[in-house]
Amino acid sequence: MNDPAKTILIVEDEAIIAMQEIRTLEEEGYKVIYAAYGEDAIEIVRSGQDEINLILMDIDLGSGMDGTDAAREILKDHDIPVVFLSSHTEKQIVDKTEEITSYGYVHKNSGETVLTASVRMAFRLFDAYRNIQHQKTEIETANKKLNSTIAELHSAIETLKSTNEKFEAVNESLTHSQVELKKREE
């Protein structure tokens, strides 16, 4: 069983196929929300009523907005992994999905095992992506701190150089005064 807290939004215009996918994913322990159209999927995600952890998106959604357009619209404001699901294998259809950050492309007739494995892989890829983003942020923060420290050190070095020059001038003046005093004493 998978993490029951994970919610998958299925966007599929064919109700029978959607019901099979829902059953399969619920048997795997996922919570599943269903949308028949791209516009509905956008509204569900924007509403924030449920935290969507992954979107399983059909590409051909009938007469309305297609799945790639819906995914683009959702990904403008939300960081959610999208797995495309389609019965199409034509190059131009598959190419449309490559322009969008997605976590896989599953053929509808691949079976339950491939579907669930693809979903699990998408979650792992997304977690790895987030981990890399977190590490990148930490590195950038450390780099900023390091650059700030370097700037402070350069400033301290300049201050030390200036102070050293003053000490040398005072030392030279004292040495000169000491020589003058010795001459007067003699």
Side-chain angles (χ1 to χ4, degrees), residues 1-140:
M1 292 298 254
N2 293 295
D3 183 357
K6 299 233 186 228
T7 301
I8 298 174
L9 171 61
I10 292 181
V11 187
E12 170 62 65
D13 63 327
E14 295 180 44
I16 293 173
I17 292 173
M19 297 312 290
Q20 290 171 333
E21 294 165 355
I22 291 168
R23 180 188 49 79
T24 298
L25 294 170
E26 285 179 342
E27 285 176 2
E28 288 292 313
Y30 297 108
K31 177 182 174 188
V32 181
I33 298 172
Y34 170 67
Y37 305 102
E39 296 85 357
D40 296 341
I42 293 167
E43 282 307 310
I44 289 169
V45 172
R46 284 186 180 157
S47 77
Q49 191 171 14
D50 292 287
E51 180 185 351
I52 307 296
N53 302 106
L54 183 134
I55 300 172
L56 194 56
M57 179 76 74
D58 185 10
I59 295 173
D60 183 7
L61 295 171
S63 61
M65 170 185 280
D66 80 0
T68 57
D69 291 334
R72 257 190 221 92
E73 191 63 32
I74 290 169
L75 293 174
K76 282 182 188 176
D77 302 316
H78 299 85
D79 191 18
I80 302 172
V82 175
V83 175
F84 287 103
L85 183 68
S86 180
S87 57
H88 295 278
T89 56
E90 299 88 1
K91 181 175 175 20
Q92 69 270 21
I93 300 291
V94 176
D95 287 349
K96 283 177 74 172
T97 66
E98 289 182 10
E99 300 168 2
I100 302 165
T101 301
S102 72
Y103 289 82
Y105 188 100
V106 179
H107 192 268
K108 282 186 184 180
N109 296 327
S110 348
E112 293 177 3
T113 304
V114 172
L115 176 64
T116 57
S118 296
V119 166
R120 284 192 302 271
M121 178 61 73
F123 279 124
R124 284 194 301 272
L125 287 171
F126 187 68
D127 288 343
Y129 170 77
R130 279 208 156 146
N131 188 26
I132 289 168
Q133 290 302 105
H134 178 71
Q135 289 174 359
K136 178 183 173 190
T137 301
E138 286 181 342
I139 289 169
E140 287 170 350

Notebook entry, point to check: Is any side-chain N of the basic residue among Lys31 and Glu51 closer than 4.0 Å to the acidic one's carboxylate O?
Noted result: no
Next item on the list: Mind checking the CD1-CG spacing from Ile17 to Asn109? Nearest 0.5 Å is all I need.
Entry: 7.5 Å
Checklist line | Heavy-atom check, side chain of Met65 versus side chain of Ile42, under 4.5 Å | finding: yes
Check: Do you know which two heavy atoms are closest between Gly38 and Ala70, and how far apart they sit?
Finding: CA-CB, 3.7 Å
Checklist line | Pairwise distance CD1(Ile74) to CG(Asp69) - rounded to 0.5 angstrom | finding: 11.0 Å
Notebook entry, point to check: Which residue, Val119, Ile55, Leu56, forms the side chain to side chain contact (heavy atoms under 4.5 Å, CB included) with Leu85?
Noted result: Leu56
Next item on the list: Please check if the side chain of Glu14 supplies one atom and the backbone of Ile16 the other of a donor-acceptor pair under 3.5 Å.
Entry: no
Item checked: Shortest non-hydrogen separation from Ser86 to Asp58 and the atoms involved -> CA-OD1, 4.0 Å
Margin query: Which heavy atom of Asn53 sits nearest to which heavy atom of Lys6, and what is that distance?
Written below: OD1-CA, 3.2 Å
Note to self: Give me each pair satisfying ring-ring contact (aromatic ring centres under 6.0 Å, His included) with a member in residues 99-118, each pair once, sequence neighbours excluded.
What the structure shows: Tyr103-Phe126
Notebook entry, point to check: Less than 4.5 Å apart, any side-chain heavy atom of Leu75 and any of Ile100?
Noted result: yes
Margin query: So, taking the atom named CG in Asn131 and the one named CZ in Arg124, what distance separates them when rounded to the nearest 0.5 Å?
Written below: 15.0 Å
Note to self: Consider side-chain hydrogen bond (donor to acceptor under 3.5 Å, both in side chains). Of Glu138, Lys136, Arg130, which one does His134 pass it with?
What the structure shows: Glu138
Checklist line | Nearest-0.5 Å distance, CD of residue Gln49 to CD of residue Glu43 | finding: 11.5 Å
Item checked: Test ring pair (Phe, Tyr, Trp, His ring centres under 6.0 Å) applied to Tyr34 - qualifying residues, sequence neighbours left out -> none
Margin query: Can you give me the closest heavy-atom contact between Asp40 and Ala36, atom names plus distance?
Written below: OD2-N, 4.2 Å
Next item on the list: Mind checking the CG-OG1 spacing from Asp50 to Thr7? Nearest 0.5 Å is all I need.
Entry: 6.0 Å
Notebook entry, point to check: In Å, rounded to the nearest 0.5 Å, how long is the span from CD1 of Ile10 to CD1 of Ile52?
Noted result: 11.0 Å
